[in-house]
Amino acid sequence: MPAEASPAGATPTAHPRESAPARVVVCRDCCCGTPKIVGVDHAAQTARLRALVPVRVSECLDVCEQANVIVVQPSAAGRAAGARPVWLGLVNDPDATEDIAGWVRAGGPGVAPRPDILDLYVITPQRRGPVS
């Protein structure tokens with residue numbers, strides 16, 4: 001899809017759907033992000049991610065046994081390339097947080113290769129409810 005037309009003299013801008021960046025969703029307020037997961041500064045993890053990449057916070061992603069859970073959602077370009085969200089569990093290490101942020105900044109799923117170290121964190125969430 002081409003860039004949208006702009007008024008004379010203005011620089012053309014990409015269509016919002018084309019430029020939607022990769023982002024992360026952090027699970028908080030259930031097991032993730034609480035003192036149940038000891039030794040992790042949850043607020044610092046969320047703040048660090050927010051300083052680097054777009055972040056949404058979810059109250060519960062329903063995979064508490066894998067706390068802290070972070071989902072990396074593909075950008076519009078990644079979705080166009082067929083990428084799906086990547087679920088990461090047990091993200092309780094600042095280095096993993098940095099690896100996730102670096103991947104998202106590089107383009108995320110479908111755009112940039114996932115760092116091999118993140119393979120250790122990939123999880124498959126259980127399906128909820130009946131499939132129709």
[atom1] of [X] to [atom2] of [Y]: how many Å apart, nearest 0.5 Å?
{"X": "Ile70", "Y": "Leu61", "atom1": "CD1", "atom2": "CG", "result": "10.5 Å"}
{"X": "Gln66", "Y": "Trp87", "atom1": "CD", "atom2": "CH2", "result": "11.0 Å"}
{"X": "Thr97", "Y": "Leu52", "atom1": "OG1", "atom2": "CG", "result": "10.0 Å"}
{"X": "Asp99", "Y": "Ile117", "atom1": "CG", "atom2": "CD1", "result": "7.0 Å"}
{"X": "Thr46", "Y": "Asp41", "atom1": "OG1", "atom2": "CG", "result": "9.0 Å"}

* Transitively linked via ILVMFWY side-chain contacts under 4.5 Å: Val55 with Val91? -> yes

* Report whether Val57 and Val63 are members of the same hydrophobic cluster (ILVMFWY, side-chain heavy atoms less than 4.5 Å apart, transitive linking). => no

Specify the closest pair of heavy atoms between [X] and [Y], including all atoms of both residues, with the distance to one decimal.
{"X": "Gly89", "Y": "Ile123", "answer": "N-CG2, 3.8 Å"}
{"X": "Leu49", "Y": "Ala101", "answer": "CD2-CB, 4.1 Å"}
{"X": "Gly108", "Y": "Ala22", "answer": "CA-CB, 4.3 Å"}
{"X": "Val111", "Y": "Gly78", "answer": "CG2-N, 3.7 Å"}
{"X": "Gly107", "Y": "Ala112", "answer": "N-CB, 4.2 Å"}
{"X": "Asn92", "Y": "Ala67", "answer": "ND2-O, 3.3 Å"}

Less than 4.5 Å apart, side chain to side chain, heavy atoms only: is that true for [X] and [Y]?
{"X": "Val122", "Y": "Leu88", "value": "yes"}
{"X": "Val69", "Y": "Tyr121", "value": "no"}
{"X": "Pro113", "Y": "Trp103", "value": "no"}
{"X": "Val72", "Y": "Ile100", "value": "yes"}
{"X": "Val40", "Y": "Asn68", "value": "yes"}
{"X": "Val24", "Y": "Val104", "value": "yes"}
{"X": "Pro125", "Y": "Asp62", "value": "no"}
{"X": "Thr34", "Y": "His42", "value": "no"}

* **Flag for Gln45-Arg28: side-chain donor and acceptor within less than 3.5 Å** => yes

* To do: Could you check Gln73 against Arg84 for side chain to side chain donor-acceptor pair (under 3.5 Å), going step by step and ending with a plain yes or no?
  => CA-CA 7 Å; Gln73 296 180 320; Arg84 305 287 301 151; over 6 Å; no

* To do: Could you tell me whether a side-chain N or O of Asp29 sits under 3.5 Å from a main-chain N or O of Cys60, the two making a donor and an acceptor?
  => no

* Check for a donor-acceptor pair, side chain of Arg79 on one end and backbone N or O of Pro74 on the other, with a separation under 3.5 Å. => yes

* Do Arg114 and Asp119 pass the side-chain contact (heavy atoms from CB on, under 4.5 Å) test, and can you show the C-alpha distance, the side-chain angles, and the key distance before you say yes or no? -> CA-CA 8 Å; Arg114 180 173 63 227; Asp119 291 347; 2.8 Å; yes

* If you draw a 6.0 Å radius around CD in Glu65, do more than 12 non-hydrogen atoms from other residues or ligands fall strictly inside? -> yes

